[in-house]
There are 2 protein chains.
Amino acid sequence: MRWHTAEVASRTSSPLSNPDELDFQTVLAALSDPVRLGIVAALAEVDGVHCGGFALPVGKSAASRHFRILREAGVIRQWDDGVRRLNSLRRDELDHRFPGLLTLAIAEGAAVRVPFAPE
Amino acid sequence: MRWHTAEVASRTSSPLSNPDELDFQTVLAALSDPVRLGIVAALAEVDGVHCGGFALPVGKSAASRHFRILREAGVIRQWDDGVRRLNSLRRDELDHRFPGLLTLAIAEGAAVRVPFAPE
DNA sequence: GTTCATGTTCGGCAACCGTCGAACATATGG
DNA sequence: CCATATGTTCGACGGTTGCCGAACATGAAC
């Protein structure tokens, strides 16, 4: 048998917790960092980008940490696809739980939006 | 001549800067602390409370710091009245600059709202 | 002037945060 | 099997943050 897409974490032991309880202060803290806000703004343009698809101003380890903070705050969802880890905004959950916040973050994050990596 | 109310800082040398340019990330950072979010939620109930009017879970110096962070982020406005320093939410500016954010903060901050000091 | 009430500032401390480099783990492709 | 690509994890480092107590500054009341 063959899975058309791996929906479970296989890159690490911890099983990619995408939380269902969103905490206001945790979300604010996640969005108050310029790199993370820039990622959110970029994901608002193109959804489903893998971690390496952004031209981040930090190294791999710091980038990995930023994505994990965004995921654990419930701002983004992550899932594995082959060797890559894809990212998308949790628009519906955020809009439902904190109406207007994501819209605001996307608009304000435009100033620090992260560019996409070449090819 | 006599001033009916001191509208300028006299308690310290730095002249109580109430900024007119509000930065999104700075505001988020200010609101992501439980004590400060609790102060905002309390100010939404009763406006114009002096610093000592809250029963904060921290000492004087930490409290002073929290109020300063809120003021410098543009979340609250402060002015002196005799020996006391009064606080109020900058509702209009916040609503105009970040529509919906303060409403959200007040609602979510209810869980950590700070009590008022006795008498 | 003296005393009291109210906040601010300073120094110090512990904890946390953002970053890096190196090592590791997993999937894919020869 | 081996090499490569993609992320994660670990240990370390420096900077920031939140907290406290002590000292200071200001205004009011006596």
Is there a donor-acceptor pair under 3.5 Å between the side chain of [X] and the backbone N or O of [Y]?
X	Y	value
Asp95(B)	Leu102(B)	no
Ser64(B)	Ser61(B)	no
Arg36(B)	Ile69(B)	no
Asn87(A)	Gln78(A)	no

Checklist entry - Between dG18(C), dT26(C), dT8(D), which one does the side chain of Val83(A) approach most closely? => result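 The answer is dT26(C), which lies nearest to the side chain.
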
Next on the checklist: Measuring from the side chain of Arg65(B) (C-beta onward, heavy atoms only), which nucleotide among dG18(D), dG7(D), dT8(D) has the closest atom?
Outcome noted: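 Of the candidates, dG18(D) comes closest.
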
Is there a side-chain contact between [X] and [Y] (heavy atoms, below 4.5 Å)?
X	Y	result
Arg68(A)	Arg65(A)	yes
Val112(A)	Phe24(B)	no
Pro19(A)	Arg90(A)	yes

Checklist entry - Counting only non-hydrogen atoms, which of residues 31-62 of chain B are less than 4.0 Å from DNA chain D? => result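 Correct list: Asp33(B), Arg36(B), Val58(B), Gly59(B), Ser61(B), Ala62(B).
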
Whole-Å gap separating [atom2] ([N]) and [atom1] ([X]):
X	N	atom1	atom2	answer
Asn87(B)	dT6(C)	CG	C1'	12 Å
Ile69(B)	dC19(D)	CD1	P	9 Å
Asp80(A)	dT6(D)	CG	P	14 Å
His66(B)	dG18(D)	NE2	C1'	6 Å
Arg84(A)	dT28(C)	CZ	C1'	11 Å
Arg68(A)	dT19(C)	CZ	C1'	14 Å
Gln25(A)	dC17(C)	CD	P	13 Å
Arg85(A)	dA25(C)	CZ	C1'	11 Å

Next on the checklist: To the closest 0.5 Å, what do you measure between OG1 (Thr103(B)) and CG (Leu101(A))?
Outcome noted: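 One finds 12.0 Å between OG1 of Thr103(B) and CG of Leu101(A).
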
Next on the checklist: Once rounded to the nearest 0.5 Å, what's the spacing between atom CD1 of Ile106(A) and atom CZ of Arg113(A)?
Outcome noted: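 Here the rounded value is 10.0 Å.
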
Item to check | Near-strand residues of residues 110-117 of chain A, defined as heavy-atom separation under 4.0 angstrom from DNA chain C | outcome: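 Going residue by residue through residues 110-117 of chain A, none turns out to have a heavy atom under 4.0 Å of DNA chain C.
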
